[in-house]
Structure formats: C-alpha cells, structure tokens
S.K.: 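Below: one structure in structure tokens.
The structure displayed is predicted, hence computed values, not measured ones.
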Amino acid sequence: MIGWEDIYKVLAAMFPLYTALMLGYGSVKWWHMFNSDHCDAINRLSCYFIMPLFTFDFTTRINPYKMNYRFLAADVISKAIILLAILLWANFTKKGNYAWSITCFSLSSLNNALVVGVPLMEAMYGPLGENIIIQSSILQFMLWIMVLLMMFEFQSAKRSLDSGASSLESATNCESTIVDDKSKQTSLLVIAKIVGLKLAKNPNSYACSLGLIWALISNRWNLEMPIIMEGSVHIMSRAGAGISMLCMGEL
C-alpha cells in the first residue's frame, strides 16, 4: 500500500525539477530576463558540455555484466511496435505524413529518462529503479536517438532535394521522370552524408559510448575512476538536471 511518506518522496524528488522548469519559463515569459540569443547560448552550453558529462556520469554507474536483458528486450520490442504503427499511419492514411510521424515517435517513445526518470524511479524503487532507467537511457542513446536522427535528416534532405529538383525541372524543361530518377539517385548519397555528419557531431552519443566503455573496463578489473577525472566530470554533470529543465522552460 502506498503511504503518505512514499508520496512525499516522489514529490520531493520531482518538485525541484519543476522549480527549474518554471524559473526558465518565467525568466522568458514574465520577467524578460533572456532573449532568443541568450536562450540559444544556454541551450548550446547544455548540449555540448553539461548534458554529455551528465550522461557520461550516469552511464559509468551501471554494471554492464549484470544488465536486465529481459527489460531491454521488452523496451526494444515496444518501441519497434510503436515505430511500425506510426510509419504505417504515415504511409497508408490520408491524414498521415512523415513529419508528424517523427514528432509522434519522439513524444511517445523517447522520454527524458535521465533528467526526469532517475529521480522519479529512485524515489519509487530505490537503487534498482535508478539502475533500470539508466539501462533504458543507454539503449535510447545508442539506438533510438540514432533512428530518430536518421528519420529527421531524411525528411530535411528530402525537402531540400524536392525543391532543387523542381527548380531544375523548370529551368531545363526536362521530363519529370528523368528529374525524379536523378534526384532519387542523388538523395541517397546526400542523405547518407548528412546523417553521418550529424551522428558524428552528436556529443551525447560519444558520452554514452565512452561511459559504457569505462563501465565495462572498471567492472571487469575492479577499477575506480581517478579523483581528478571524477571531479572534472561532476563539476559540470551536477548542473545537468537543473539546466535541462531550465532550457525546457525557456522553450
């Protein structure tokens, strides 16, 4: 039975996050402390420094040799079913479209696991809940974020290629079938390059991969992270949850 003490633990874990969220919203909407340039600078700081170290910090805490593979398999299957259903809706219904399929998949499947999930699950289930949500976030960064980026870049590249093909057709008066064939051949190469560059520039992917590598090494040979390295990570990662919620409030 859930008691008042359990409810208080959940509220105590979640209230600080929404405090940061409301501060971000109020600083832009009510107090006009930040303009769009300021918000962009804060977002870039969070994207390139704070959140990667935040992700790395949490990823190094797990033991990859004792992961819950049934939970991970269930997570993959559930998200794959959602993705398939959304793609079927986008391709075989009149109201469906590719842009909305990306948004629906992101909102329904890719929650902010580390920022919101860790304090919530830890308050409800203790260390076990924290460990489970970190495992889910690793799979999210290693697989599903990549799928989402590929979908998004395919859509962006497809728009630009369609507009380029239309201008080429009007300028040269070629037959539309020839232009379509050329655009399709070119699109595959262009999309592959764009996706590759975007993935290479994603700092959270590197942070998750490096954190997982360190977790494998440290748990295999019982190593501890050097204090100088641990301090360098913590000094930025401690701001991860607060700055992330502040940025969401600003948006």
S.K.: Side-chain heavy atoms under 4.5 angstrom apart, residues restricted to Ile, Leu, Val, Met, Phe, Trp, Tyr: same cluster for L17 and V28?
M.R.: no

S.K.: Give the intermediate values and the outcome of side-chain contact (heavy atoms from CB on, under 4.5 Å) for residues I77 and I81.
M.R.: CA-CA 6 Å; I77 293 172; I81 291 173; 3.9 Å; yes

S.K.: Return the CG to CD1 distance between L143 and I138, rounded to the nearest 0.5 Å.
M.R.: 13.0 Å

S.K.: For the atom pair SG (C208) and CG (L114), what is the distance rounded to the nearest 0.5 Å?
M.R.: 8.5 Å

S.K.: If you link ILVMFWY side chains whenever their heavy atoms are less than 4.5 Å apart, which other residues fall into the same cluster as F92? By chain and number, please.
M.R.: L84, L88

S.K.: Measure from the side-chain N and O atoms of D40 to the backbone N and O of S36, and report whether any donor-acceptor pair falls under 3.5 Å.
M.R.: no

S.K.: Just checking R220: does its CZ atom have more than 12 heavy atoms from other residues, nucleotides or ligands closer to it than 6.0 angstrom?
M.R.: no

S.K.: Rounded to the nearest 0.5 Å, what's the gap from OG1 on T59 to CG on N204? Could you check?
M.R.: 9.5 Å

S.K.: How long is the span from the NZ atom in K79 to the CD atom in Q140, to the nearest 0.5 Å?
M.R.: 6.0 Å

S.K.: Let me check something: do V116 and L139 share a hydrophobic cluster, defined by ILVMFWY side-chain heavy atoms less than 4.5 Å apart, either directly or through other members?
M.R.: yes

S.K.: Output the distance between atom CD1 (I134) and atom OG1 (T60), rounded to the nearest 0.5 Å.
M.R.: 8.5 Å

S.K.: Might you point out which heavy atoms bring A123 and A13 nearest each other, and give the distance in Å?
M.R.: CB-CB, 3.8 Å

S.K.: Does the side chain of S218 reach to within under 4.5 Å of the side chain of E224, using non-hydrogen atoms?
M.R.: no

S.K.: Looking only at non-hydrogen atoms, find the nearest pair between N219 and P64 and report the distance.
M.R.: ND2-CD, 3.7 Å

S.K.: Would you name the heavy atoms of H38 and M33 that are closest together and state the gap between them?
M.R.: ND1-O, 4.0 Å

S.K.: Which pairs, with at least one residue in residues 58-91 and sequence neighbours excluded, count as a ring pair (Phe, Tyr, Trp, His ring centres under 6.0 Å)?
M.R.: F54-F58

S.K.: Please tabulate, one pair per line, all N/O donor-acceptor pairs under 3.5 Å involving side-chain atoms of residues 228-251, not counting sequence neighbours.
M.R.:
{"residue": "S232", "atom": "OG", "partner": "I228", "partner atom": "O", "Å": "2.8"}
{"residue": "H234", "atom": "NE2", "partner": "D57", "partner atom": "OD1", "Å": "3.3"}
{"residue": "S237", "atom": "OG", "partner": "D57", "partner atom": "OD2", "Å": "3.2"}
{"residue": "S237", "atom": "OG", "partner": "V233", "partner atom": "O", "Å": "3.2"}

S.K.: Are the side chain of S106 and the backbone of T103 linked by a donor-acceptor contact shorter than 3.5 Å?
M.R.: no

S.K.: Give a yes or no on whether L107 atom CG has more than 12 heavy-atom contacts from other residues, nucleotides or ligands under 6.0 Å away.
M.R.: yes

S.K.: Determine whether T55 and S137 make a side-chain contact, defined as any pair of heavy atoms from C-beta on separated by less than 4.5 Å.
M.R.: no

S.K.: Would M121 and V115 show up in the same hydrophobic cluster when neighbours are defined by side-chain heavy atoms closer than 4.5 Å?
M.R.: yes

S.K.: Considering residues, nucleotides and ligands other than W31, do more than 12 of their heavy atoms fall under 6.0 Å from its CH2?
M.R.: yes

S.K.: Are I132 and Y125 connected in the hydrophobic side-chain network, where two residues link if heavy atoms are under 4.5 Å apart?
M.R.: yes

S.K.: Taking P127's backbone N and O only, do any of them form a donor-acceptor pair with N131's side chain (distance below 3.5 Å, no angle check)?
M.R.: no

S.K.: Using the rule given for side-chain contact (heavy atoms from CB on, under 4.5 Å), can you reason through L72 versus V76, listing the C-alpha separation, both sets of side-chain angles and the distance that settles it, and then say yes or no?
M.R.: CA-CA 6 Å; L72 295 178; V76 170; 5.6 Å; no

S.K.: Determine, using the 4.5 Å side-chain heavy-atom cutoff (strictly less than), whether L210 and M225 are members of one ILVMFWY cluster.
M.R.: yes

S.K.: Indicate the atoms forming the closest heavy-atom contact of Y206 with N202, along with that distance.
M.R.: CD1-O, 3.3 Å

S.K.: Rounded at 0.5 Å granularity, tell me how far CE in M124 sits from CD1 in I133.
M.R.: 10.5 Å

